[in-house]
Every structure is written in structure tokens, then in C-alpha cells.
A.B. asks: 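I am attaching a structure below and will ask some questions about it afterwards.
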Amino acid sequence: MTDFVDKGKLLRVAECSVEKVKQTRFEQVLKDAGNRAMTPGMLSGAFGKRENGRYLAAS
């Protein structure tokens, strides 16, 4: 993701808390969005996960 920092105009960061039963689906949606570049102008995306269902997503 650092390769794109100088090219972008906006960095979106979201802290999320996800229920345990929905974590697998949440992770898949984040991976799909980054892989297909679903958002016009989105250069890159990444997310991190903690054990308690907390996520930090950046795009």
C-alpha cells in the first residue's frame, strides 16, 4: 500500500467491530473489494485484524 501513498489524494481509514459470526464474510468482502478495485479511483487497500473482532481497514 505504501507504493500508492504519494499518488493518492485521500486515505480512508475505518475502525470496525464485527460480530464473530460475521467475521468471515466481512473479511471476504474486504478482500474482494481490494482485488477487483470496485471503487473507481481506489489505488490500494489493506486491513488488519485483532483477536476480539476488531478491524482496521485502509483504502
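Just so it is clear, the structure is predicted and the values come from calculations on it, not from any experiment.
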A.B. asks: Working to the nearest 0.5 Å, report the span between CG of L56 and NZ of K49.
C.D. replies: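 The NZ atom of K49 is 14.5 Å from CG of L56, to the nearest 0.5 Å.
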
A.B. asks: I'd like to check the salt bridge (charged side-chain N to carboxylate O under 4.0 Å, His left out) partners of E15; sequence neighbours left out, ordered by chain and number.
C.D. replies: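 Expected list: R54.
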
A.B. asks: So, using ring pair (Phe, Tyr, Trp, His ring centres under 6.0 Å) as the criterion, who are the partners of F47 when residues are at least two apart?
C.D. replies: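 Ring pair (Phe, Tyr, Trp, His ring centres under 6.0 Å) check on F47 returns nothing, list empty.
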
A.B. asks: Could you walk me through whether Y55 and E27 satisfy the side chain to side chain contact (heavy atoms under 4.5 Å, CB included) test, starting with their C-alpha distance in whole Å, then the side-chain angles of each, then the deciding distance to 0.1 Å, before giving a yes or no?
C.D. replies: CA-CA 9 Å; Y55 292 83; E27 290 177 21; 2.7 Å; yes

A.B. asks: Residues in salt bridge (charged side-chain N to carboxylate O under 4.0 Å, His left out) with K22, at least two apart?
C.D. replies: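 By the salt bridge (charged side-chain N to carboxylate O under 4.0 Å, His left out) rule, K22 matches no residue at all.
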
A.B. asks: Would you call F26 and E19 a side-chain contact if the rule is heavy atoms closer than 4.5 Å?
C.D. replies: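 No; the side chains remain at least 4.5 Å from each other.
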
